[in-house]
Amino acid sequence: MRARRSFFSADSPALAQRLLGATLVRVLEGGARLAGTIVETEAYLGPDDTCAHSHKGRRTARTEPMFARPGTAYVYFTYGMHHCFNVVAGEVDQPVAVLIRALEPTEGLDRMHAHRASGKRPARPLRDTDLCSGPAKICQALAIDRALTGIDLTTDPRLFVESPHPGPIDPVNLVNDARIGVGDADDWARAPLRWHIAGNPNVSLVRTPSCGATKRPRANRE
DNA sequence: ATGACGATTTACT
DNA sequence: GTAAATCGTCATA
């Protein structure tokens, strides 16, 4: 069932956990449906959060969607070549969001392979678990770019969320650790605001308990 | 107008 | 492990 406003109306850590096990659906022009189960998320907390685009309340053309209603899409372009997709949480004028970091692909895998391979030299075929194992990979596989930033995920036919089915993931099956790619400069950067489904092979990175180093998931290598 | 820098991915030593 | 790719965004002037 398509998630409605109330599903998104929560603080970002709560929504980050609630989104795990839900399905992200992208409908292309022409009607092709691409989808995957959300298996990894990160919460960004607004003006106080030094790692958030909305740090210090920064409100610009790029971050404007973060200030909109919960259930709004926030898509940004970075490193000159990648897009990342967020789901806006909280309430209007509260710039908090959840970064979708990894999916387990479930529908339209052929199309995802084509999107991920386009514009590259003939490399060996990607494994399904590498299709959406990172925030920019998701956007490439599902053809999500800035044209979709600011849209309402509760009504837009092109992109939406289906509630976790059969139900929310049991918290005991979630791993909670520090966000990726934000450095470790302060307590915000080290805060445990990332969640993923334990043992899922589609997750972007895993941290080894002993040294805290990040590595590709075991099932992703070889 | 200019310059520094990414909520990343990939390939290569 | 390290480095390159590549350009929109934002702060500074």
Side-chain angles (χ1 to χ4, degrees), chain A residues 12-13 15-16 19 24 38-67 72-90 95-103 112-113 115-150 176-196 202-208 211-217 220-222:
Chain A
S12 59
L15 181 59
L19 280 166
L24 179 65
I38 298 172
V39 299
E40 179 185 349
T41 58
E42 282 178 0
Y44 286 83
L45 296 236
D48 292 338
D49 184 354
T50 58
C51 303
H53 291 166
S54 52
H55 178 46
K56 294 178 176 167
R58 194 160 52 116
R59 185 168 188 162
T60 64
R62 178 178 66 144
T63 62
E64 186 61 30
M66 289 189 77
F67 292 80
T72 296
Y74 170 48
V75 182
Y76 66 90
F77 180 69
T78 191
Y79 290 104
M81 62 191 84
H82 297 303
H83 293 274
C84 294
F85 166 69
N86 297 255
V87 175
V88 174
V96 297
V98 175
L99 174 68
I100 308 303
R101 284 196 59 91
L103 305 179
M112 293 189 201
H113 276 286
H115 288 157
R116 292 273 288 121
S118 70
K120 287 184 188 143
R121 7 254 195 265
R124 42 190 163 296
L126 280 179
R127 285 164 310 160
D128 292 350
T129 52
D130 284 326
L131 241 27
C132 299
S133 58
K137 296 177 185 177
I138 292 172
C139 289
Q140 190 179 18
L142 301 194
I144 295 170
D145 64 19
R146 275 170 304 174
L148 296 176
T149 199
N176 177 26
D177 58 10
R179 295 176 291 187
I180 304 296
V182 296
D184 65 336
D186 61 14
D187 288 341
W188 281 104
R190 292 184 287 268
L193 293 171
R194 172 192 187 227
W195 287 266
H196 68 267
N202 300 272
V203 160
S204 66
L205 297 168
V206 294
R207 289 170 193 274
T208 64
C211 58
T214 57
K215 303 210 163 111
R216 308 298 310 280
N220 258 7
R221 280 184 272 133
E222 298 186 48

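Labels below follow one simple rule: chain letters A, B, ... track the order of the sequence lines, proteins then strands, and each chain is numbered from 1.
- The CD atom of Q140(A) sits 9 Å away from the C1' atom of dT9(B) (whole-angstrom rounding).
- Straight-line distance from the CG atom of N86(A) to the P atom of dA7(B): 11 Å, rounded to whole Å.
- A stacked arrangement is not assigned to Y79(A) and the six-membered base ring of dA5(C), the conditions of a centre distance below 5.5 Å and an interplanar angle below 30° not being jointly met.
- In this structure, R146(A) reaches the sugar-phosphate backbone alone: every heavy-atom distance under 4.0 Å involves primed, P, OP1 or OP2 atoms, never a base.
- Salt-bridge formation is not detected for the pair E42(A)/R179(A): no Lys NZ or Arg NE/NH1/NH2 atom is positioned less than 4.0 Å from an Asp or Glu carboxylate oxygen.
- T72(A) has its side chain out of reach of Y74(A): every pair of non-hydrogen atoms, C-beta onward, lies at least 4.5 Å apart.
- Within the 4.0 angstrom heavy-atom criterion, no nucleotide atom of any strand lies near R179(A).
- At a threshold of 4.0 angstrom between heavy atoms, the contacts of R59(A) with the nucleic acid are absent.
- Checking dA7(B), dT6(C), dA11(C) against the side-chain heavy atoms of M81(A) singles out dT6(C) as nearest.
- Nucleotide dA7(B) forms no Watson-Crick or G-U wobble pair with any nucleotide shown, as no partner meets the under 3.5 Å limit on both distances.
- Between H83(A) and F77(A), the ring planes are tilted. Angles from 30° to 60° get that label.
- If you check dT6(C) for Watson-Crick or wobble pairing at under 3.5 angstrom, you find it has no partner at all.
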